[in-house]
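First comes the structure, then the notes that go with it.
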Amino acid sequence: MAEEIAGTDTPIKTPDVPEKPALEGLEDKLNAAWREEQVYHFDEDTDRSQVYSIDTPPPTASGSLHVGHMFSYTQTDVMARYKRMSGCNVFYPLGWDDNGLPTERRVQNYYGVRCDPSKPYIEDYTPPEKPAKNQRDWDVISRRNFIELCEALTVEDEKVFEDLFTRLGLSVDWRQTYRTIDDASRAASQKAFIRDVQSGNAYTAQAPTLWDITFRTAVAQAELEAKERPGAYHRYPFTTAEGEKVFIETTRPELLPSCVALVAHPEDERYKPLFGKTVTSPLFGVEVEVKAHQLADPEKGSGIAMICTFGDMTDVTWWRELQLPTRALIGRDGRFSRETPEWITTEQGRANYEQLAGKTVHSAKEAVVEMLKAEDLLDGEPKSITHAVHFYEKGDKPLEVVTSRQWYIRNGGRDADRREQMLARGREITWHPGFMRSRYENWVEGLNGDWLISRQRFFGVPIPVWYPLDESGELDYENPILPSEEQLPVDPASEAPAGYEESQRDAAGGFTGEADVLDTWATSAITPHIAGRWERENDFFEKVFPYDLRPQGHDIIRTWLFASAVRANSLNGSVPWTNTAISGWILDPDRKKMSKSKGNVVVPNDVLDKFGTDAVRYWAASAKLGADTAYEEGQFKIGRRLAIKLLNASKFAFGMGVTEEHIVTDEAGAGVVTQPLDRALLARLKALVEQVTARFEDYDYARALSMTESFFWQFTDDYVELVKDRAYGGQGEEAQASVRAAMATTLDTLLRLFAPVLPFATDEIWRWWRSGSVHAADWPTAAGFETAAGESETLEAVAEALAAVRRAKSEAEVKQRHAITSATLTLPQAQVTHVESALEDLKAATKAEALTLSAGGEAPELSQAEYAAPEA
RNA sequence: GGAUCUGUAGCUCAGUUGGUUAGAGCGCACGCUUCACACGCGUGAGGUCGAUGGUUCGAGUCCAUUCAGAUCCA
């Protein structure tokens, strides 16, 4: 209880310590207190120099919670807490990513609804009470209605995350949350898009595009995943005018009717004579030219390949650079065109194509192979190989390449200057750890095109454009109609552009709305803008942008990190943040990445129940940034032990009469610390504070923690054991005052040093003897007790001497508390003075009635020990 | 094929700019219910630092080669 003392400004609190300190129950109690006291609120009345802003990853609220969340979010929180205590006004918002496929699926299944952007918006729509069993019976609703349902449902999901994150002790300012699908986010995303269109950074083009036939959408390079799949080289001949056979080997024989040319390396002697000549394709009888291009690999197959439009992105390159015709046959549904193409002219060829019309890629392949076999054109059996095939990261069918009109954002993939600019941006950011930058550079250097941002999905942030229709009803893609910024957010599928009536939708002379939505990364790339109220409150934005820190996982450097850099570059002409902290992954004890499908996921709440939050945070904070970490329950135990030890050691100190007023804060106070051992402790403490601070400044919270931890264990195991007698008053008042001051100062500093990692235990203790919260306290410096710091070697020497006595007792098989009537301690000359200066403490701690010091030897050693007779 | 990371005690890891005898925790062995803590305390055993070669007075640390594992990119 705090006692008001008349006439003083600083009421001294009598420490109020529970009989049996425990970690249980601290989370609820302290979280409530922090909320009440608004400890983590961002102060908007500030300027940029005081602010430390963090662009936190918005978790997918409809996704599952796993220990990986606790791991990486804790690492960020540790830094946030450090910065807050260091005097920064920390802007630490958190958002929810509820824009995208996972939410789309969840909303569909939960309510039994489907989105069709062409449907009109229904006011006060209520979903079916129970979702219909059959998807065909689901309600079909407008995009706006769908988004409203999403907003309603994700509130529930977000609650679960918020509860976990609160329990984890994240010092987030919960007033600063955002959702990537809410009005403000959609408006910001659309505004950013419009700005990029206006500045020429976004454009629309008709181009070959990677296409997922299951999801029926275009996908971007960043969403690709190469998977090893079995395939087979099929070898069959084209024929020259002279009747000579030219064999090609292909894993995709079904693309033969799409063939537009053959290609070989310009230096390939085998094919040089053929360049410029034409050959005729088997089965379909189409004449194609033999071309030369350096991307053709002489080592691969027969060294000559067929170019089809389009089998893969290399085909696209050849098609573009060799200016070949387009003969596309695979449609957006992944099936071959039902119409026989006009470039197949022979009767036999047209008949053969009939066999493929309407077939899936898989069946078409079988059909082509059958036909080749039937005509005895296949040379030998297909050769089985394993090769990398491109998949959409969420898809399970190989991607096809189809030609379609899409929106792109310039990212350096087609322009060397911009690429160099993005590399330079990467160098403006400080990476933690530094080597992660090469992931970024690798990615930027490997870009092969601009960022495709349109998605043919229903749910997401609509691309905010309309296209005029001319008198004949043709779409004019070159002159898209953009909304005014005041109109945002807008849904072009259900709202008409300015100057048009809804009745003119899809009518000649009218307009049509863009049906596509933006890639979710296009929106999450502007989380700094969304959380920072960009273009809503620009005063505010300027106080937080560019942010100080972007924490995230290394798996999304190519997506989230790069996309954010691209957009800040074009929207703001700067980096989005000056530091990025890349956390590692959680691996299971067998070193496999934890994932739901492997069934090795640990439920966060169970772990928190079992070990307590501080223990889990300790585990997360012990891992360096960027290092993948095994899930080790042993680490939780150590963290738990540390937190409990801190409670108990503090209880002991307060039991010795330590109070707030004993803390050494100035030179006058320093005079109280008279004992060399106590002064040595403070010397060690001073060094510790300096080192730990330096580690934190370098984002190396893990090293900072381990240094604080080992100091603490030496404090309890050696120092506290040595001074117990003195603390009880065994050596008089002055000696007791000295130990109280040293202990109070050390405890005060330790609580602050541990606070970022162990927020619950430290604040619990803080509240026993202080007012307010340790988390609102300043980061410690040695300034206040500097003059009380003596020679740290004393502590080291006395601790070694203590260990020597303990060893002797252990070897003599007597109990540690057994009294020594007399003994000689031999120790190196350099240590004698130090040990002498704390001889009374050493004798008391070892129950030695007489202890003679003698110089000599390499290390302290006890000899000629006489022990008291055993107690009866 | 290109790039990055990792390899240190049975296990998980730390080892700052090269500097005495390589550290911690867990686990293990032995002992101790000592007035903060048995969710504890004390003591001990345990490593030719992946391998080879080099630079250096001196290499776990720097360089080269190599082996093994992981990740990213093509």
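What you see is a predicted model, and the numbers here were worked out from it, not measured in a lab. Proteins come first, then strands; the chains are lettered A, B, ... in the order of their sequence lines, and each starts at number 1. All values below were derived from every heavy atom in this structure, side-chain atoms included, with hydrogens, water molecules and symmetry-related copies excluded.
- Closest approach to the Ser810(A) side chain among A36(B), U21(B), G42(B) is made by G42(B) (side chain taken as heavy atoms from C-beta onward).
- For Trp443(A), the side-chain atoms get nearest to A74(B) when compared with the rest of U21(B), C41(B), A74(B).
- In this structure U17(B) sits in no base pair that meets the Watson-Crick or G-U test at under 3.5 Å.
- Residue-to-nucleotide proximity on RNA chain B shows that, of Ala222(A) and Gln816(A), the 5′-proximal contact is made by Gln816(A).
- Rounded to whole angstrom, the span from the NE2 atom of His554(A) across to the P atom of A3(B) amounts to 20 Å.
- Across U71(B), A14(B), G2(B), the shortest atom-to-atom separation from the side chain of Trp585(A) is found for U71(B).
- The C1' atoms of G7(B) and A74(B) are separated by 27 Å, rounded to the nearest whole Å.
- Shown here, U71(B) forms a base pair with A3(B); the pair counts as Watson-Crick or G-U wobble because both key distances fall under 3.5 Å.
- In this structure U65(B) sits in a base pair with A51(B), meeting the Watson-Crick or G-U test at under 3.5 Å.
- Among the atoms of the strands shown, base atoms are found under 4.0 Å from some heavy atom of Glu721(A).
- Counting non-hydrogen atoms under 4.0 angstrom, Ser438(A) reaches the backbone sugars and phosphates but no base.
- Counting to the nearest Å, the P atom of G40(B) and the CG atom of Asp717(A) are 12 Å from each other.
- Atom CG of Asp312(A) is separated from atom C1' of A74(B) by 13 Å (rounded to the nearest Å).
- Ion pairing between a basic and an acidic side chain is recognised when a charged N comes within 4.0 Å of a carboxylate O; Glu400(A) and Arg252(A) show such pairing.
- Considering only side-chain atoms of Ile638(A), the nucleotide from U21(B), C26(B), A36(B) that sits closest is C26(B).
- Listed candidates were C5(B), A36(B), G42(B). Nearest to the side chain of Ala649(A) is A36(B).
- Annotation: of the two residues near RNA chain B, Ser706(A) and Arg439(A), the 5′-most nearest-nucleotide partner is Ser706(A).
- Between the side chains of Trp451(A) and Asp519(A), at least one donor N or O sits under 3.5 Å from an acceptor N or O.
- With C1' as the reference atom, A38(B) and C49(B) are 36 Å apart, rounded to whole Å.
- Heavy-atom minimum distance, Met79(A) versus Phe696(A): CE-O, 3.5 Å.
- Checking C26(B) for Watson-Crick or G-U wobble geometry (two distances, each under 3.5 Å) identifies G10(B) as its partner.
- With rounding to whole Å, Asp614(A) atom CG is found 19 Å from C39(B) atom P.
- Under the Watson-Crick and G-U wobble criteria, each requiring two contacts below 3.5 Å, nucleotide G60(B) is left unpaired.
- In this structure, Trp713(A) atom CH2 and A14(B) atom P are separated by 21 Å, rounded to whole Å.
- Among the heavy atoms of the strands lying under 4.0 Å from Ile644(A) is at least one base atom, whether or not backbone atoms are also near.
- Nucleotides G50(B) and U8(B), compared at atom P, are 6 Å apart to the nearest Å.
- Among the atoms of the strands shown, none is found under 4.0 Å from any heavy atom of Lys610(A).
- The side chain of Glu632(A) has U12(B) as its nearest neighbour among G40(B), C5(B), U12(B).
- The distance from atom CZ of Arg558(A) to atom C1' of A74(B) is 12 Å, rounded to the nearest whole Å.
- Heavy atoms of Ser650(A) sit nowhere under 4.0 angstrom from any nucleic acid atom.
- Judged by the 6.0 Å and 45° rule, Lys847(A) forms no cation-pi pair with Tyr867(A).
- When distances are taken from the side chain of Arg817(A) to each of G2(B), U33(B), G25(B), the shortest belongs to U33(B).
- In this structure, Lys724(A) reaches the bases: a heavy-atom distance under 4.0 Å links it to at least one base atom across the strands shown.
- Between the P atom of G42(B) and the NZ atom of Lys815(A) lies a distance of 17 Å, rounded to the nearest Å.
- Among the protein residues, Arg640(A) comes within range of the nucleic acid bases, having at least one heavy atom under 4.0 Å from a base atom.
- Among the protein residues, Gln691(A) comes within range of no part of the nucleic acid, since none of its heavy atoms lies under 4.0 Å from any strand.
- With Trp713(A) as the aromatic partner, Arg641(A) meets the cation-pi criteria of under 6.0 angstrom to the ring centre and within 45 degrees of the ring axis.
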